[in-house]
Protein chains: 2
Amino acid sequence: MNLVYKALADPTRRKILELLRERDLSAGEIASHFSLAKPTLSGHFSILKAADLIQADKVGTTIIYHLNISVLEESLLSLMNTFNLPSPQSFNSVEDVNE
Amino acid sequence: MNLVYKALADPTRRKILELLRERDLSAGEIASHFSLAKPTLSGHFSILKAADLIQADKVGTTIIYHLNISVLEESLLSLMNTFNLPSPQSFNSVEDVNE
DNA sequence: TTGCTATTTTGCTAAATACCGAAATAGATG
DNA sequence: CATCTATTTCGGTATTTAGCAAAATAGCAA
């Protein structure tokens, strides 16, 4: 989990995830949204991959990145649970709350 | 918001927040849960304070730290919204979903 | 094969981070 | 006042991080 939280701590990486939430994008398409060198972005991709937040698929000479939305969702819910904060899960069983 | 996400990226700081979720604690009480030097913990407190995640109240010679649970909650919900992930807010108006 | 395009890997800096011990601060107490 | 306790601030080091340009890789196409 720590890799995920570390990955989310950087604004550039959060922006990358936001872009990928809309649709899959190639490394170059993602890079075009930033004024950072491509190797720099490539480094961010590695970090996001290591955290399992994104997935890479090579199509010919381009690499298409895809957001692992479930990993992101589970990580954030797990963090909410850590702090006993209300999350969709909290609504699972009203009975538990009342007894 | 970035200060919050940066603050949450460190495991020691997340642990501090978890401890404070149970009850308010003095700097020394918190320190007793870690094998880190007090100046190191004090540095973590500053970072959490700068992110407005905790609050410090001086009582005599001791400092009592208190978790700002609402700030933590709003930050995490805001992150979930950023990625269009389901959160309690999503349930606010079923009408919006249906029209 | 040669060359073109997309991307990563390498090698390098500068800045940020986490840590520590020693010194400083501040409130309470004899 | 002198001292004790709780905590922070200071000064320093080691590690990690984010950035870049240049070189390497890999697939495609002429």
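Just so it is clear, the values below take in all heavy atoms, side chains as well, and ignore hydrogens, waters and symmetry mates. Here is the naming used below: chain letters follow the sequence lines, and residue numbers restart at 1 for every chain.
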Exercise for the section: Kindly state each residue pair satisfying ring pair (Phe, Tyr, Trp, His ring centres under 6.0 Å) with at least one member in residues 1-22 of chain B, sequence neighbours excluded. Expected result: none
Problem - Residues that A:P11 engages under side-chain contact (heavy atoms from CB on, under 4.5 Å), provided they are two or more places apart - result: A:R14, B:N2
Handout entry: Other ILVMFWY residues reachable from B:L3 by side-chain steps of under 4.5 Å
Key = none
Problem - Value in whole Å for how far the P atom of C:dT7 lies from CG of A:D57 - result: 13 Å
Practice task
Could you check how far CG of A:L3 sits from P of D:dT16, rounded to whole Å?
Solution key: 13 Å
Handout entry: Shortest non-hydrogen separation from B:A9 to A:K6 and the atoms involved
Key = O-CE, 3.8 Å
Handout entry: Any residue meeting side-chain hydrogen bond (donor to acceptor under 3.5 Å, both in side chains) with A:D57, in chain and number order, not counting sequence neighbours
Key = none
Completion exercise
For A:I64, the side-chain contact (heavy atoms from CB on, under 4.5 Å) test, sequence neighbours excluded, returns A:D24, A:S26, A:V59, A:T62
Handout entry: Positions of residues 16-28 of chain A (non-hydrogen atom under 4.0 Å from DNA chain C), listed by number
Key = A:S26, A:A27, A:G28
Exercise for the section: Ignoring backbone atoms, test whether A:Y65 places a side-chain nitrogen or oxygen under 4.0 Å from the OP1 or OP2 oxygen of C:dT8. Expected result: yes
Practice task
Specify the separation, in whole Å, of atom CG of A:N2 and atom C1' of D:dT16.
Solution key: 13 Å
Handout entry: A:T82 side chain vs A:S78 backbone, donor-acceptor pair below 3.5 Å
Key = yes
Exercise for the section: Return the set of residues passing side-chain contact (heavy atoms from CB on, under 4.5 Å) with A:E74 (not counting sequence neighbours), or none when no residue passes. Expected result: A:S70
Practice task
May I ask you to verify if any side-chain N or O of B:T62 is less than 4.0 angstrom from the OP1 or OP2 atom of D:dA6?
Solution key: no
Practice task
For A:L25, check side-chain contact (heavy atoms from CB on, under 4.5 Å) against everything at least two apart and list the hits.
Solution key: A:L19, A:L20, A:R23, A:E29, A:I30
Which pairs, protein N/O on one side and nucleotides 16-20 of chain C N/O on the other, fall under 3.5 Å?
from, atom 1, to, atom 2, distance (Å)
C:dA18, OP1, B:D10, OD1, 3.2
C:dA18, OP1, B:R13, NH2, 3.4
C:dA18, OP2, B:R13, NH1, 3.2
C:dC19, OP2, B:H44, NE2, 2.5
C:dC20, OP2, B:A37, N, 2.8
C:dC20, OP2, B:T40, OG1, 2.5

Exercise for the section: Quick one: list whatever passes side-chain hydrogen bond (donor to acceptor under 3.5 Å, both in side chains) with B:H33, sequence neighbours left out. Expected result: none
Exercise for the section: Starting at atom CD1 of A:I63, determine the distance to atom P of C:dT9, rounded to an integer number of angstrom. Expected result: 8 Å
Could you write out each protein N or O paired with an N or O of nucleotides 27-30 of chain D at a distance under 3.5 Å?
none

N/O donor to acceptor pairs below 3.5 angstrom from side-chain atoms of residues 41-52 of chain A, sequence neighbours left out:
from, atom 1, to, atom 2, distance (Å)
A:H44, ND1, A:R13, NH1, 3.1
A:S46, OG, A:S42, O, 3.2
A:D52, OD1, A:N68, ND2, 3.4

